[in-house]
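Structure first, commentary second.
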Amino acid sequence: MLKRISAVEAASLIKNGDNLGLSGFTPAGSPKAVTRALAELIKPEIEAGKEFKVGLFTGASTGQSTDGVLAEIGAIKYRAPYTTNPTFRKNVNLGQIAYNDIHLSQMAQELRYGFLGEVDWAILEVCDIEEMGDKTRVYLTSAGGISPTVARLAKNGVILELNAFHSKAAKQLHDVYEPKDPPLREPIMITKVSDRIGTPYLEIETNRIVGVVECNLPDEARAFSESDAVTDNIGARVAEFLVSEMRRGIIPSSFLPLQSGVGSTANAILAALGQDKNVPDFNVYTEVLQNSIVGLMMEGRVKQASTCSLTVSNDCLMQIYDNIDLFKDRLTIRQSEISNNPEVIRRLGIIGINTAIEVDIYGNANSTHICGTKMMNGIGGSGDFERNAFLSIFTCPSTAKGGMISSIVPFVSHQDHSEHDVNIIVTEQGIADLRGKSPIERAHAIIENCAHPDYKQLLWDYLKISKMGQTHHNLNAALAMHDTFLRKGDMHLTDFAEYVK
C-alpha cells in the first residue's frame, strides 16, 4: 500500500540544490500542493539569509503555485523550458534565474541525454492510481508533458499528487509513450491524428514512489484577452487564405490537420475557420488545446484532436469530463516530444499557425524577446511546428503599444525563426506569401501587404539606404527603429539619417 503523506512532509524531502521534474504542460496538469508547501516551508530560511534554490524541469509553463510562489521568494536557480508567470519573467530579465529556452519537443530527450543535469525528484499530478504489486499504474490529469521521462530519471523517487479536482474520466484521454534514445529509436507510428501507440497510464516501479499527497486543487487556467477587431481581422484573413489554397489544389480538398498557438489571436483564427462553410470539417494536431477547439468538437466541426495539454478554462475542462463518451474516442493527450515531434508533423502535413512579437522585412521572426533583450515567455513549440509544417504561418498585429511600435521592422532584434522556415506572414493589414521569393521580393511583399500605413514609408526608406547584395541591409541602421523606441518611446520618430555614415 502506497504511503499517504502531507504536502509539507513531501516538501521536507526536497533539499537545497535539488532538481525537480514536474508533470503538466502550461498550468494544466502541473503539481500544486507540494511546490506551494515547499515555498511556505523554505520562505523563513530564505528571509533569514540562508540559500535555498531548486532547479525546475517541466513540459512547458506551470502556474502560480510553482513558478509564481518559488520565483517570489527567490528559490529558483534554473528553469527550462517555456514559462508565462510574470514574477518569474521579471526575475529572469533581472538576471536572477538561469532560464534555458528550449524547443519543447527536445526537453524530455535532452534530460535523457544528460544535457541538463540530474533529476532528483519527480512530482506528478494524477487522477487515479492502480497498485499492481511491484509496478504501479498512475493516470495523468489534463496534460502529458514530460512525465514518463522525469518519473524514470528521478534518482530520489517520485511524489504523486492525487488531485480529486480531476475526474477519473481523464484516464480515457491519454496515450503515454516514451521513445527510445538513439541508436535504438524506432519510427513513431502515428499516421493519422487519432492514432494511439502507447498506454493510457504511466507505469512506475512501486518502490520508487515515496508518497501520495491527496489534494483537491483546480488547474490554474490562464485567462486570455477577448478577441478584438484586429485579431478577428487576422483570423478572417488566415481562413480566407487557407480556403484559397484549397481551391487551387495546394491543400487537399479533405483539408490538413491544424496546429495553432495559444492566445486570443489563435482563438480568433480557429473561430473564423469553424465559421467558414468553405472549410470542411477538420482535424487538429497541436500542443495546446483551447476552449475554441472544444466548442468546435462539440459542434462536430473538429473531427479529431491531438494535444499535449488541455489549456482550457476549468468550466471547459469539466465539460470535457462530463461528456467523456463524446471525447474519449476523439481527443488524445500525448507527451510533448510526441505532440511536437518533427517526424510526425511532417508526415501528417500539419498547417502550423503561430504568433510573433515582430517580423522583419525578409521574413525572420522573433517570438521571444522584447527589443532583443527582455524575455517574454519563450519559444515554446512554435519552432517545432514552423520548421516542419506543410505550411508555416506567422501572425501578429502590425503595431503594438498604441501604434508606437511597428511589428514589421528592418531587422528582428532577436531571431527565433529564420526566413528559411517562414512561408506566410499575416497581419490585419494583409497577407505576404513568401514562398518562392528572393529576399528583395519578400521585403516588397511584407512591406506592401503587412506593414501598417504609418510605417510603410519608413520601411521603404530603409531599403533605399541599404547596401546592395543578395539581402539588402544597412548594418548601422538595421536596428534604428528599435533604438529610437528605446530612446524616444516611439518608432515613428526614427530618422535613418542619424545612423547612415
Side-chain angles (χ1 to χ4, degrees), residues 2-25 27 29-43 45-46 51-63 65-71 73 75-81 83 88 97-98 100 107-108 110-126 129 135-136 138 140-141 143-163 176 178 202-215 217 335-336:
L2 292 174
K3 183 180 180 182
R4 263 50 179 180
I5 59 176
S6 70
V8 172
E9 288 174 319
S12 66
L13 299 172
I14 299 168
K15 307 304 179 186
N16 178 41
D18 281 353
N19 290 324
L20 313 181
L22 308 180
S23 65
F25 189 100
S30 297
K32 293 168 272 289
V34 176
T35 48
R36 191 184 296 176
L38 177 64
E40 293 173 356
L41 191 66
I42 64 177
K43 184 178 179 180
E45 293 186 36
I46 293 173
E51 182 177 284
F52 198 112
K53 291 180 182 289
V54 295
L56 300 179
F57 303 132
T58 71
S61 57
T62 64
S65 292
T66 298
D67 280 347
V69 295
L70 292 174
I73 61 173
I76 303 176
K77 62 172 179 175
Y78 174 90
R79 170 81 163 81
T83 186
F88 179 93
I97 297 173
N100 193 352
M107 183 62 196
E110 291 203 5
L111 281 170
R112 292 196 302 269
Y113 295 169
F115 292 176
L116 307 179
E118 293 183 322
V119 180
D120 294 292
W121 298 97
I123 309 174
L124 310 182
E125 182 184 82
V126 299
I129 300 170
K135 302 281 187 181
T136 293
V138 303
L140 302 172
T141 59
I146 58 172
S147 295
T149 295
V150 295
R152 191 166 52 76
L153 295 181
K155 65 178 186 179
N156 294 334
V158 179
I159 299 166
L160 301 178
E161 288 191 10
L162 182 59
N163 191 347
V176 179
E178 185 182 26
L202 167 57
E203 194 168 74
I204 304 172
E205 293 176 2
T206 301
N207 61 8
R208 299 193 66 251
I209 300 174
V210 298
V212 177
V213 176
E214 296 183 346
C215 60
L217 297 169
Q335 276 59 65
S336 49

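One-based numbering along the sequence shown. Side chains included, hydrogens not; waters and symmetry mates left out as well; all remaining heavy atoms used.
The side-chain contact (heavy atoms from CB on, under 4.5 Å) search around Ala37 returns Ala7, Val8, Ala11, not counting sequence neighbours. For Glu125, the side-chain hydrogen bond (donor to acceptor under 3.5 Å, both in side chains) partners two or more places apart in sequence, or in a different chain, are Lys32, Thr141, Asn163, His166. When the side-chain hydrogen bond (donor to acceptor under 3.5 Å, both in side chains) test is applied to Thr35, the partners found at least two apart in sequence or on another chain are Thr66. The side-chain contact (heavy atoms from CB on, under 4.5 Å) search around Ala10 returns Ile5, Val34, Ile159, Val213, not counting sequence neighbours. Scored by the side-chain contact (heavy atoms from CB on, under 4.5 Å) test, Ser12 finds Leu41 as partners (sequence neighbours excluded). Partners of Asn100 under the side-chain hydrogen bond (donor to acceptor under 3.5 Å, both in side chains) rule, at least two apart in sequence or in another chain, are Tyr78. Taking Glu40 as the reference, Arg36 meet the side-chain contact (heavy atoms from CB on, under 4.5 Å) condition, with sequence neighbours excluded. Judged as a side-chain hydrogen bond (donor to acceptor under 3.5 Å, both in side chains), and not counting sequence neighbours, the contacts of Thr62 are Asp67.
Contact check for Val210 versus Trp121: side-chain heavy atoms found under the 4.5 Å cut-off. A 4.5 Å side-chain heavy-atom check between Leu38 and Leu20 finds at least one atom pair inside the cut-off. Taking 4.5 Å as the limit, some side-chain heavy atom of Ile123 sits within range of a side-chain heavy atom of Ile14. Residues Thr206 and Leu2 have side chains in contact (heavy-atom distance under 4.5 Å, counting atoms from C-beta outward). For the pair Val138 and Leu160, the minimum side-chain heavy-atom distance is below 4.5 Å.
At distances below 3.5 Å, not a single donor-acceptor pair connects side-chain atoms of Glu45 with backbone N or O atoms of Phe52.
Minimum heavy-atom separation, Arg79 to Ala60: NH2-O, 3.1 Å. Nearest approach of Ile146 to Ala108, heavy atoms of both residues: CG2-CB, 3.8 Å. Residue Ala80 comes nearest to Met107 through the heavy atom pair O-CE, 3.6 Å, listed as atom of the first residue, atom of the second, then distance. What you find for Leu116 and Phe57 is that their closest heavy atoms are O-CZ, 3.4 Å. Ser30 approaches Phe25 most closely through the heavy-atom pair OG-N, 4.3 Å. When all heavy atoms are compared, the tightest approach of Ala122 to Ala154 is N-CB, 3.5 Å.
One distance of note links CD of Glu161 with CG of Leu22; it measures 9.0 Å at 0.5 Å rounding. In this structure, the separation between NZ on Lys43 and CG on Leu70 is 12.0 Å, given to the nearest 0.5 Å. If you take OG1 on Thr83 and CG on Leu56, they are separated by 9.0 Å, rounding to the nearest 0.5 Å.
Among residues at least two apart or in separate chains, salt bridge (charged side-chain N to carboxylate O under 4.0 Å, His left out) pairs with a member in residues 4-24 are Arg4-Glu214. Applying the salt bridge (charged side-chain N to carboxylate O under 4.0 Å, His left out) rule to pairs touching residues 143-159 yields Glu118-Lys155, Asp120-Lys155, Arg152-Glu178, sequence neighbours excluded.
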Inset, instruction - Go through Val150 and Leu124 one step at a time and tell me if the side-chain contact (heavy atoms from CB on, under 4.5 Å) criterion holds. - result: CA-CA 9 Å; Val150 295; Leu124 310 182; 4.1 Å; yes

Inset, instruction - Evaluate the criterion side-chain contact (heavy atoms from CB on, under 4.5 Å) for residue pair Asn156 and Leu13; output intermediate values, then yes/no. - result: CA-CA 9 Å; Asn156 294 334; Leu13 299 172; over 6 Å; no

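Side-chain contact check for Arg208 and Thr136: no donor-acceptor pair (N or O, by modelled atom type) lies under 3.5 Å.
More than 12 non-hydrogen atoms from other residues, nucleotides or ligands lie less than 6.0 angstrom from NZ of Lys53.
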